Amino acid sequence: SKITLAIHGGAGTITRENMTPEKEKAYREKLNEALQVGYDVLKKGGTSMDAVEATIHVMENSPLFNAGKGAVFTNEGKNEMDAAMMDGETLQAGAVASVTTIKNPISAARAVMEKSPHVMMIGDGAEAFAKTQGIELVDPSYFHTETRYNQLQQIIDKEKTQLDHDGGSSSNENIFTEGNKFG
Amino acid sequence: TVGCVALDAYGNLAAGTSTGGMTNKRFGRVGDAPIIGAGTYADNNTCAVSATGHGEYFIRNVVAYDIAALMKYKNLSVKKAAEEVVMKKLVDRGGEGGVIALDKNGNVAMPFNSAGMYRGYIKNGKPVVAIYR
């Protein structure tokens, strides 16, 4: 069988130098778990859409990744998430953007694709639609993690420092670290 | 940003991407993840793609669809198409990040031009996970 599944958990300045053994182990374990969950779906005859959704749930539910439970914070201190899915057989697609209460945004994206005539829904509307589809909604505090909140504070502090000392330049240092890109 | 591409026993491809976006973002900024063709794309005739990186560049370069288009119109392999877009086009235009791409034959490409990318694939029951370059 050609059944195959691939995943990513974010890109950036991820090097051995800025990784502890414990952190690396945690990431490797969770990536392996996600792969296994998706592969099990495929092995049992599940569709690629089912496998993608189940795999992404594992990563959305982990605070290690910038999605779902580990989402980064906006300037206003909110967790605002986006997701999309596409079916290669039918070329149907669905997406949600700027949602704050949908536990697994990937499932909402799939619902937009399969249960509506639209491709993308945003914000409150997307959340209201998700509710009609029985998709689990949570209090926004579910997404709060101290690590991500501290990242926001550090970036806000950094900006203040730059403004105080050199308003004309901005450092690109670590800008592409997953979860450390800033707007 | 997390993503997944899969090929099932019926020969169908699918792609999905989910993200919290950019730390400290303002004004309702939206990145590439929910933009079909930029951060997510799937077509059984070419490939399934999910992207992660600096979204604005992935949107402007229509990265996910561009990989599929190179396969469709120039008959490139998934590996060559993904490399062309991520390691050449995107680098030339200053965009940092990577993609995972999978074709209908189960060939996987995972190029990235950043220092690292959390990534993995599973084929014949054997998982492979990598982080660094």
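Chain letters run A, B, ... following the sequence lines, proteins first, then strands; residues in each count from 1. The structure displayed is predicted, hence computed values, not measured ones.
Taking each heavy atom of Ala6(B) and Leu42(A) in turn, the nearest pair found is CB-CD1, 4.3 Å.
For Asn32(A), the parts lying near chain B are the backbone and the side chain together; criterion is any non-hydrogen pair under 4.5 Å. Contact annotation for Val41(A): neither backbone nor side-chain heavy atoms come within less than 4.5 Å of a heavy atom of chain B. Proximity to chain B involves both the backbone and the side chain of Thr47(A), based on heavy atoms less than 4.5 angstrom apart. Using a 4.5 Å cut-off between heavy atoms, Met49(A) touches chain B through backbone and side chain atoms alike. Heavy-atom distances place both the backbone and the side chain of Thr15(A) under 4.5 Å from chain B. For Phe73(A), the part lying near chain B is the backbone, with the side chain staying farther off; criterion is any non-hydrogen pair under 4.5 Å.
In terms of modelled atom types and a separation under 3.5 Å, the side chain of Asp82(A) and the main chain of Ala33(B) share no donor-acceptor contact.
Using a 4.5 Å heavy-atom cutoff, the side chains of Arg119(B) and Ile7(A) are not in contact. No side-chain heavy atom of Val5(B) sits less than 4.5 Å from a side-chain heavy atom of Leu5(A). Side chains of Ile131(B) and Glu24(A) form a contact here, defined as non-hydrogen atoms less than 4.5 Å apart.
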Given side-chain contact (heavy atoms from CB on, under 4.5 Å), test Thr40(B) with Met85(A) step by step and report yes or no. CA-CA 7 Å; Thr40(B) 308; Met85(A) 269 191 99; 5.9 Å; no

Evaluate the criterion side-chain contact (heavy atoms from CB on, under 4.5 Å) for residue pair Leu91(A) and Asp43(B); output intermediate values, then yes/no. CA-CA 6 Å; Leu91(A) 302 185; Asp43(B) 178 351; 3.7 Å; yes

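The OG atom of Ser18(B) sits 10.0 Å away from atom CD1 of Ile102(A), with the distance rounded to the nearest 0.5 Å. Separating the CD1 atom in Ile14(A) from the CZ atom in Phe112(B) is a distance of 8.0 Å, to the nearest 0.5 Å. Atom-to-atom distance recorded for Thr4(A):OG1 and Asp103(B):CG is 8.5 Å, nearest 0.5 angstrom.
Relative orientation of the Tyr118(B) and Phe65(A) rings is perpendicular, given thresholds of 30° and 60° on the angle between their planes.
A donor atom on one side chain and an acceptor atom on the other are found under 3.5 Å apart for His8(A) and Ser50(B). If you check the side chains of Asn75(A) and Lys25(B), you find no donor sitting under 3.5 Å from an acceptor.
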